[in-house]
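Below: one structure, written as C-alpha cells.
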Amino acid sequence: MSITVGDIQTMAGTGLHIAGTWRQSANGAQFAVDDPATGETLAQVADATEQDCLDAVTAASDALDGWAHTPPRQRSEVLRRCFDLMNEHRDLIATAIVHENGKSWADAQAEAGYAAEFFRWFAEETVRIGGEYRLAPGGDKRILVEQRPVGVALLITPWNFPAAMATRKIAPALAAGCSVVLKPAPQTPLTAAIVVELIHRAGVPAGVVNLVSPSDAGPAVSAMLERVEKVSFTGSTAVGKILLRQCADRVINASMELGGNAPFIVLPDADIPAAVEGAMQAKMRNGGAACTAANRFIVHESVYAQFSELFAQRMGELTMGPGTTHSNNVGALVSDDERDKVADLVAGARSRGAGALTGGERPTGDGAFYPPTVLTDVAADDPITQNEIFGPVAPVIKYGDGTDPVQIANNTRSGLIAYVYGSTDAAMQMAHRLQAGMVAVNRGVLSDPAAPFGGVKESGLGREGGHEGIGEFLEPIYIAVDSW
Ligand code: ADP
C-alpha cells in the first residue's frame, strides 16, 4: 500500500512534542512546510514560542534523573527498539524525507537506513560505558574515574539529512543517559517528528526526548541555552560561530558539525573508471546537499580529460525529477533560494572562464531543480572553490607536475573530509597530510555510525558516531580515594 501525505501528517503529530504529548504552540501559531519539488504545502506545524521551548527544557530536566539512573541494559534495549521501529517504518520515513527535503527516493531510503543504524550502534555502546580505577603514580591515593551524563542536551539539526542528523545526536545522548530537546530545521520538521513518535513508541519515558520547531530559531535557541548543559549542532559554520559565542557566556559543552569544502584528488596513477564511480557518490549523494559532498575535484593533467569526460557522461545520464517518482536519480534542492544560490555560483564560475561539459543552466519550470553539472578549467582559487556549493555541481581543477595537490586541497578554512584516488601507497601518503577530520582513500562514501565523524579547522568540534560519539554526552568525574 502506498504511503500518502496524510500518513505523514498523522504520524508527525503537531510537530511539538513535550513531556510525552503532542500539543499546539502556546499561542496557536503554525507555519507551513512545503514540498520543494512541487511548491505545494504539505502540512502546518506548531510554531513553538519561547515559552514552549522553555517548557521542553523543563520537561527534559524533570526526566533527566530517572533516565540517567535507568540501568544501561534497559536504556540499550529501548534504543534497540528504536532501531527496529525505524526499520519497520523505513518507507514512511523515506517518503517524508522525499516530500519535505526534495531528495531522490534512493537517497531518502539510504538516509532512513543510515539513520536507524545510529540506534543499533549506540544500543551496543550503552552497555560499554567505561570507567577507571588505579593507583596514583605517587602511591598516595586511588584514582577513580566515572562517566556521568552531561545533562540536558539541546540538539539542533539541519534540513539536508532530516532523519540521520537527528538520530546521530539523539542515540548517543540517550545512550549516555542524557535527556534532550531536538530542534529540527524549519524546512524539515515532519521527518524529525516521525522519528520522535517512534522513539516514544519504543518506550523512551516521557520528557526524555522533546521536540520543538520555532520558525525563528535565534531567540528560542538563545533562551534554551540559558538552561541546558550541552548543545550539539549541525549546520552552517556561520551559525555555529554564533552559537559558540553564546555558549561561552555559560561555558556550555558544545559539539559542532559545521560546513565542509571537500577536495577530491585524482592522482596520475588512479584507476580512472573507479575514480569516476567514487566521484559520482562523493558528489551526488543527496544531490550534492551534504557537508561531505566533494566540492573541488583536483585532477592531474595527465588524466584530466579522461576523468572529466567520463564524469560528465555519467552525470549527464542521471534523470532529474521529483523523488516521488522512484526511478529519478536527482531530486529537487530544498528551496528556490538554495537553487538560486547554486545557479549563481555556476554562472559566476562560467563568467570567469569555466566551461560546462554537462549541465550549467538553470532550468525553467516548476520545482527547485538544478541539473548535474561538470565545470572544467576552473582556477584553483576561483570563488566557487571557496564556497560550499551544496548542489549537484562539480568544479574540476587541473594540476601539473611540480604542483602539490595537497596544498591546493588544504587551502581552505574548512577541514571536514577529503577524498583521494590513486595507487594505495601514493594515496595513503596524501591521506596523512590532508587537513581533514576524515579521509576517504579510493572510496566515494565513508560515513558509518561505527566511525568517528567530524572535522578539523572551521568544520567543527567533537565527533559523532564511533566510540567517540557517546563521549560527547559524558563527563569524566574523578574521585580521589585515600589509601583504599
Ligand atoms: P543551513 O544553511 O544548512 O540552513 P543553518 O546553520 O542556517 O544551516 O541551519 C542549521 C540549523 O540551525 C537549523 O535548525 C536552523 O533553524 C538553526 N539556526 C539557524 N540560525 C540559528 C541561530 N541564529 N541560532 C540557533 N539556531 C539557528
Side-chain angles (χ1 to χ4, degrees), residues 15-16 31 33-34 36 45-50 52-54 56-57 97 100-103 153-170 180-193 195-196 210-228 230-250 252 254-261 286-293 295 333-342 344-345 368 387-391 414 416 455 458-461 464:
L16 180 60
F31 66 91
V33 183
D34 296 334
V45 163
D47 191 349
T49 63
E50 230 171 275
D52 292 319
C53 293
L54 293 177
V57 176
I97 295 171
E100 64 178 356
N101 169 278
K103 69 178 71 172
L154 173 59
L155 314 177
I156 305 173
T157 53
W159 47 259
N160 64 337
F161 288 94
M165 295 305 97
T167 59
R168 192 158 83 176
K169 296 183 190 306
I170 296 170
V180 307
V181 177
L182 172 65
K183 195 216 80 64
Q187 296 90 337
T188 55
L190 302 174
T191 307
V195 170
V196 168
N210 304 278
L211 172 70
V212 296
S213 302
S215 59
D216 184 8
V221 167
S222 298
M224 289 191 280
L225 284 176
E226 290 295 321
R227 306 225 338 242
V228 298
K230 166 86 195 180
V231 63
S232 175
F233 171 78
T234 299
S236 62
T237 303
V239 172
K241 287 180 182 178
I242 293 172
L243 291 176
L244 279 172
R245 285 188 199 105
Q246 294 182 12
C247 287
D249 282 343
R250 282 197 52 239
I252 293 175
S255 301
M256 297 275 146
E257 295 292 350
L258 308 178
N261 180 4
N286 232 28
C291 51
T292 53
N295 208 53
L333 278 82
V334 76
S335 63
D336 287 337
D337 284 352
E338 275 296 305
R339 191 267 298 271
D340 293 347
K341 192 200 79 187
V342 172
D344 289 349
L345 282 171
N387 278 281
E388 199 175 14
I389 301 168
F390 242 60
S414 303
L416 187 63
E458 291 193 8
S459 286
L461 296 170
E464 294 188 310

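Residue numbers count from 1 along this sequence. All ligand and atom numbering here is 1-based and tracks the order in the structure.
- Atom 9 (O) of ligand 1 is not flagged as protein-proximal [any protein heavy atom, distance under 4.0 Å].
- Close approach of ligand 1 to I156 (heavy-atom distance below 4.0 Å) involves ligand atoms 11 (C), 12 (O), 14 (O), 17 (C).
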* Go through S215 and D47 one step at a time and tell me if the side chain to side chain donor-acceptor pair (under 3.5 Å) criterion holds. => CA-CA 6 Å; S215 59; D47 191 349; 2.7 Å; yes

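- Considering only heavy atoms from C-beta on, S232 stays 4.5 Å or farther from M256 through its side chain.
- Within ligand 1, counting atoms from 1 as listed, the ones closer than 4.0 Å to a heavy atom of V221 are 25 (C), 26 (N).
- Atom numbering of ligand 1 starts at 1 in the shown order; those under 4.0 Å from a heavy atom of P184 are 14 (O).
- Considering backbone and side-chain atoms alike, Q187 places every N or O at 3.5 Å or more from each N or O of ligand 1.
- Looking from atom 26 (N) of ligand 1 to the surrounding protein, the closest heavy atom is A217 CB, 3.7 Å.
- Within the 4.5 Å cutoff, the side chain of W159 has no heavy atoms near those of the P186 side chain.
- Using a non-hydrogen distance threshold of 4.0 Å, A238 does not register as a contact of ligand 1.
- Of all protein heavy atoms, the one lying nearest to atom 23 (N) of ligand 1 is G218 CA, 3.8 Å.
- Remark: the backbone N or O of N387 is paired with a side-chain donor or acceptor of N295 at under 3.5 angstrom.
- At least one side-chain heavy atom of N160 sits less than 4.5 Å from a side-chain heavy atom of F390.
- Looking only at side-chain heavy atoms (C-beta outward), V195 and L182 stay at 4.5 Å or farther from each other.
- In terms of protein heavy-atom proximity, atom 3 (O) of ligand 1 is closest to W159 NE1, 3.5 Å.
- The side-chain heavy atoms of K183 and V221, taken from C-beta on, include a pair separated by under 4.5 Å.
- Annotation: side chain of K169 is in contact with side chain of T234 (closest heavy-atom distance under 4.5 Å).
- In this structure, the side chain of T157 does not engage the main chain of M165 through any donor-acceptor pair within 3.5 Å.
- At the shortest separation from atom 2 (O) of ligand 1 among protein heavy atoms lies S236 CB, 4.1 Å.
- Protein heavy atom closest to atom 12 (O) of ligand 1, with residue, atom name and distance, is F233 CE1, 3.2 Å.
- Not close to ligand 1: F390, with no non-hydrogen atom less than 4.0 angstrom away.
- On a distance-only criterion, K183 and ligand 1 share at least one N/O pair closer than 3.5 Å.
- Taking every heavy atom of P186 and a limit of under 4.0 angstrom, the matching atoms of ligand 1 come to 16 (O).
- Using a 4.5 Å cut-off on side-chain heavy atoms (C-beta onward), V180 and N210 make no contact.
- Remark: minimum distance from atom 20 (N) of ligand 1 to any protein heavy atom is reached at V239 CG2, 3.6 Å.
- In T157, the part holding a heavy atom less than 4.0 Å from any atom of ligand 1 is the backbone.
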